[in-house]
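Structure first, then comments.
These numbers come from a predicted model, not from an experiment. Proteins come first, then strands; the chains are lettered A, B, ... in the order of their sequence lines, and each starts at number 1.
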Number of protein chains: 2
Amino acid sequence: MVDGGKPRPMKGIRQLAEHLDISIGTVSRALNGKPDVNEETRKRVLAAAEQLGYVANQSGRSLRQGTTNVIGLMIQSSRETVENSDNFFLTVTGGLQSVFSRHNLDLIMLPCPHDEDPYEYLKRMVARRIVDALILSETQRVDKRFDLLAKAKIPFAALGRSLSGTQHPWADLDFDSVANSAVDRLVAHGHRRIAISVPTSDINLGFVFAEGYRRALQRHGIPYDPALVIRAQSSEQGGYQVADELLRLEDRPTAVILIYELMAIGLYRRVMEAGIIPGRDIAVVGFREAPRAKFLQPALTCFRTSLHDLGVELAEILLSVMPAYSHFYPDTNRQATWPLELVPGESDAFYLPSAK
Amino acid sequence: MVDGGKPRPMKGIRQLAEHLDISIGTVSRALNGKPDVNEETRKRVLAAAEQLGYVANQSGRSLRQGTTNVIGLMIQSSRETVENSDNFFLTVTGGLQSVFSRHNLDLIMLPCPHDEDPYEYLKRMVARRIVDALILSETQRVDKRFDLLAKAKIPFAALGRSLSGTQHPWADLDFDSVANSAVDRLVAHGHRRIAISVPTSDINLGFVFAEGYRRALQRHGIPYDPALVIRAQSSEQGGYQVADELLRLEDRPTAVILIYELMAIGLYRRVMEAGIIPGRDIAVVGFREAPRAKFLQPALTCFRTSLHDLGVELAEILLSVMPAYSHFYPDTNRQATWPLELVPGESDAFYLPSAK
DNA sequence: ACGCGCTCCGTAAACGTTTACGATACTAGG
DNA sequence: CCTAGTATCGTAAACGTTTACGGAGCGCGT
């Protein structure tokens with residue numbers, strides 16, 4: 001052995017260059033797949049890099065080419081989110097990464113602290129240029145963050161819709177038609193007094209959900225009663241409160257649609273305390289996680305989808321608005337409502353006598 | 001108005017300097033609170049920076065001073081994690097951030113893709129120098145990642161213990177004494193044949209949990225039966241499978257300890273299918289989330305803790321091993337087992353006839 | 001022999017900061 | 001008036017990359 005074959009800690013591309021006895025520029029070109037470099041030397045460079053464990057310093061690279069190869073997913077982890085979001089984000093993240101990794105992009109999650117204004121937090125992250133592009137989640141009905149990103153000219157997409165940021169790219173669960181189908185199904189079972197739960201925050205999905213519900217009622221000629229739209233946290237506790245509200249109503253609904261399946265746990269509990277059996281005395285339809293719903297007693301009728309695939313779609317949408325990658329995804333539809341599939345359970349299986 | 005008061009997009013500290021008509025070095029010193037700068041000019045600089053919306057480019061800063069002011073929390077989001085971890089991470093993250101933000105450190109989450117080896121992923125992240133320090137989670141019993149970090153001389157702490165990385169700093173839930181207390185309580189109720197669920201993966205908490213269980217049995221003179229230690233996913237599905245296993249045993253246990261409270265949903269379901277009523281025919285004790293457990297029917301006896309405060313503790317532990325911050329937390333205990341508190345429910349309230 | 005094009009490689013500038021160092025002005029003490 | 005000391009500021013180097021540019025070597029056609 002001639003000299004140090006032992007991989008001592010890499011300092012930078014310079015060390016690698018003088019170890020190979022070629023210029024630093026050539027090494028860089030070799031590593032980055034640039035055309036004008038001999039295939040023979042490229043192999044040597046790659047081998048040496050692998051052996052010495054060299055990985056390009058991100059700060060240097062970012063500084064030079066103004067790009068970080070990192071995509072940020074901002075999550076607010078608001079109180080409500082912490083209660084309800086489950087592994088929603090982790091699952092979507094899996095889908096996102098499966099696409100990003102093909103382009104050597106890394107995904108990081110940016111959790112906005114509870115006590116910081118999301119807008120300010122985002123502004124800070126944008127200014128620090130720590131990411132090349134951003135994915136926003138938990139979109140509000142009006143959400144100033146879109147204007148911020150548009151003004152900063154940072155590519156972005158959203159996990160969820162918003163009225164702000166005209167025509168911004170997004171992918172979102174089809175809350176609208178879920179509410180629609182749920183009403184349809186319940187009406188077909190003879191129900192006409194149907195309650196619905198919506199989130200307490202101004203998150204846009206609540207509005208979309210409620211609009212789908214309202215539209216379905218109208219289609220069936222059922223009058224809209226605001227008292228049946230119940231705001232509650234998307235948690236077991238929230239489900240308990242929903243049931244509480246329902247029991248308090250004089251003309252008690254015979255069915256209820258929950259925006260989050262775990263709410264059913266609290267709701268079941270509360271109505272049973274009142275001697276009411278879910279699936280027999282009251283119909284319940286939930287949303288979003290079929291495997292979980294199956295284990296409730298009675299099994300919750302629910303809507304299922306692949307959040308992973310939603311992540312894939314969203315990743316492609318984002319890349320299609322990033323100049324450096326848009327040629328890979330030229331004809332992408334920039335706004336995707338993600339379908340869900342009904343999974344029948346026993347929680348709404350009974351028919352009201354009034355139905356024929 | 002003299003000239004452009006309108007904040008046009010900031011290019012860098014240079015623009016800011018010539019706008020103020022002072023040197024770039026002084027601006028930098030002013031912004032960073034260095035001593036040798038006139039208080040008067042510092043005020044002017046800060047005001048101008050605020051007005052023009054200048055924020056230091058992170059790449060430039062990182063390149064120069066070799067520090068990023070970012071802490072990474074690596075999460076693996078393995079299949080099992082996605083099923084079970086819930087908002088565990090988001091809640092702990094809140095605690096972490098409440099400490100980090102005091103030091104102007106940002107926390108990002110690094111989700112390792114399912115199809116990538118965690119070790120390789122971590123190596124990549126370390127080499128790219130995207131973070132100053134790292135927090136590992138979902139620690140395996142033997143976990144090579146600790147050696148990697150030690151070798152790379154990157155400050156780190158772990159959310160969870162491991163046998164690797166001798167004396168590495170960590171904070172962890174006290175799985176040991178939870179299992180202990182659960183057994184104590186069940187034995188006091190007259191149970192002697194007590195099953196326990198552990199994770200399917202090699203995550204260390206499963207071993208710790210099982211050890212506490214085993215130790216408690218020994219203390220009570222109850223023989224250890226390996227058939228009663230049931231490996232299952234920490235999910236509703238897993239709970240269902242646990243119940244399945246229990247029902248298949250010839251000498252059926254009268255009590256079961258679950259490592260994750262949502263497993264109770266599946267377990268309840270399965271045993272009720274067999275005509276067995278939880279809380280009457282079989283005692284169930286769960287773990288980790290009291291507010292959720294309360295809404296199960298019967299309410300699950302459970303152990304509660306503040307994951308937020310666990311995050312706070314972990315953050316302080318990490319900072320205490322970071323040279324730049326260690327003087328803030330000089331006498332921190334570097335290894336913290338986090339206590340949990342029993343929340344009695346109805347799922348284990350009954351006493352076996354054999355108990356006096 | 002000459003010019004041209006091609007392949008491959010080295011040189012050096014540039015990215016935006018921070019910071020060591022030196023320069024300047026001013027104050028105080030003699 | 002001179003000097004030392006202090007407060008404040010400007011200058012320039014350095015961090016590790018990427019990349020525009022030019023140069024060397026070579027083959028080939030005229």
Side-chain angles (χ1 to χ4, degrees), chain A residues 9-46 48-49 52-70 104 124 126-132 152 324, chain B residues 9-46 48-49 52-70 104 124 126-132 152 324:
Chain A
M10 259 296 92
K11 274 287 290 299
I13 199 176
R14 182 156 293 128
Q15 312 261 336
L16 186 55
E18 55 194 43
H19 174 258
L20 285 163
D21 208 43
I22 53 182
S23 94
I24 156 181
T26 305
V27 173
S28 174
R29 278 191 298 267
L31 291 175
N32 294 29
K34 290 298 161 66
D36 51 350
V37 45
N38 191 320
E39 274 312 315
E40 175 62 27
T41 55
R42 189 195 301 282
K43 281 211 189 89
R44 279 181 54 222
V45 172
L46 290 180
L52 300 188
Y54 168 80
V55 179
N57 177 303
Q58 189 56 45
S59 304
R61 166 179 295 185
S62 302
L63 182 56
R64 168 62 215 231
Q65 51 184 26
T67 199
T68 63
N69 285 347
V70 176
N104 273 69
R124 198 152 53 84
V126 166
R128 288 180 59 170
R129 324 245 129 171
I130 212 176
V131 294
D132 287 346
Chain B
M10 258 297 90
K11 274 290 289 297
I13 200 175
R14 184 157 291 127
Q15 312 260 337
L16 187 55
E18 56 194 43
H19 174 259
L20 285 164
D21 209 43
I22 53 183
S23 93
I24 155 181
T26 306
V27 173
S28 174
R29 279 190 298 265
L31 291 174
N32 294 28
K34 291 297 162 65
D36 52 351
V37 46
N38 191 321
E39 272 313 313
E40 176 62 26
T41 54
R42 188 194 303 278
K43 281 208 189 90
R44 280 180 53 221
V45 171
L46 289 180
L52 300 189
Y54 169 80
V55 178
N57 177 304
Q58 188 57 45
S59 303
R61 168 179 294 188
S62 301
L63 181 55
R64 169 61 215 231
Q65 51 184 23
T67 196
T68 64
N69 286 345
V70 175
N104 274 69
R124 199 153 51 86
V126 165
R128 288 181 60 170
R129 321 247 130 169
I130 212 176
V131 294
D132 288 346

On a heavy-atom basis, which atom in [X] and which in [Y] lie closest, and how many Å separate them?
{"X": "B/Thr68", "Y": "B/Ile130", "result": "OG1-O, 3.5 Å"}
{"X": "A/Ser59", "Y": "B/Leu63", "result": "CB-N, 3.8 Å"}
{"X": "B/Arg42", "Y": "B/Lys34", "result": "NH2-O, 2.7 Å"}
{"X": "A/Val126", "Y": "A/Ala152", "result": "CG1-CB, 3.8 Å"}
{"X": "B/Ala48", "Y": "B/His19", "result": "CB-ND1, 4.4 Å"}
{"X": "A/Leu20", "Y": "A/Arg44", "result": "O-NH2, 3.0 Å"}

Among [options], which nucleotide has an atom closest to any side-chain atom of [X]?
{"X": "A/Ile22", "options": "D/dC9, C/dT17, C/dG10", "result": "C/dG10"}
{"X": "A/Asn32", "options": "C/dT17, D/dT18, D/dG10", "result": "D/dT18"}
{"X": "A/Gln65", "options": "D/dT18, C/dT17, C/dC9", "result": "D/dT18"}
{"X": "A/Tyr54", "options": "D/dC9, C/dT17, D/dT17", "result": "D/dT17"}
{"X": "A/Ile24", "options": "C/dG10, C/dT19, D/dT17", "result": "D/dT17"}

Check the distance between [N]'s [atom2] and [X]'s [atom1] and give it to me in whole angstrom.
{"X": "B/Leu20", "N": "D/dG10", "atom1": "CG", "atom2": "P", "answer": "11 Å"}
{"X": "A/Leu63", "N": "D/dT18", "atom1": "CG", "atom2": "P", "answer": "11 Å"}
{"X": "A/Arg42", "N": "C/dC9", "atom1": "CZ", "atom2": "P", "answer": "10 Å"}
{"X": "B/Arg29", "N": "C/dT18", "atom1": "CZ", "atom2": "P", "answer": "11 Å"}
{"X": "B/Arg128", "N": "D/dC15", "atom1": "CZ", "atom2": "P", "answer": "22 Å"}
{"X": "B/Asn38", "N": "C/dA25", "atom1": "CG", "atom2": "P", "answer": "16 Å"}
{"X": "A/Lys34", "N": "D/dT18", "atom1": "NZ", "atom2": "P", "answer": "8 Å"}
{"X": "A/Ile13", "N": "C/dA14", "atom1": "CD1", "atom2": "P", "answer": "19 Å"}

Fill in: Strand DNA chain C as a dot-bracket string - pairs counted if Watson-Crick or G-U with both distances under 3.5 Å, | where the partner lies in another strand
||||||||||||||||||||||||||||||
Practice prompt. Map A/Gly60 and B/Thr26 onto DNA chain D by nearest heavy atom, then report which one ends up closer to the 5' terminus.
Written response: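 Counting from the 5' end, the first nearest nucleotide belongs to B/Thr26.
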Practice prompt. Rounded to the nearest 0.5 Å, what's the gap from CG on A/Asn69 to CZ on A/Arg61? Could you check?
Written response: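 One gets 6.0 Å once the value is rounded to the nearest 0.5 Å.
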How is [X] classified with respect to the nucleic acid when contacts are heavy atoms under 4.0 Å: base, sugar-phosphate, or nothing?
{"X": "A/Thr41", "answer": "sugar-phosphate"}
{"X": "B/Asp36", "answer": "base"}
{"X": "A/Asn57", "answer": "sugar-phosphate"}

Worksheet item: Quick one: is B/Ser28 getting a side-chain N or O under 4.0 Å of the C/dT18 phosphate, OP1 or OP2?
Response: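 Yes, because at least one side-chain N or O of B/Ser28 sits under 4.0 Å from OP1 or OP2 of C/dT18.
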Worksheet item: Between the base of C/dT17 and the side chain of B/Arg64, is there any donor-acceptor pair under 3.5 Å?
Response: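 For B/Arg64, whose side chain was compared with the base of C/dT17, there is no donor-acceptor pair (under 3.5 Å).
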Item to complete: For the pair A/Asp132 and A/Val70, evaluate side chain to side chain contact (heavy atoms under 4.5 Å, CB included) and give the outcome as yes or no after the intermediate values.
Response: CA-CA 6 Å; A/Asp132 287 346; A/Val70 176; over 6 Å; no
Worksheet item: Which residue, A/Gly25 or B/Ser59, contacts DNA chain C at a nucleotide closer to its 5' end, judged by nearest heavy atom?
Response: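 Counting from the 5' end, the first nearest nucleotide belongs to A/Gly25.
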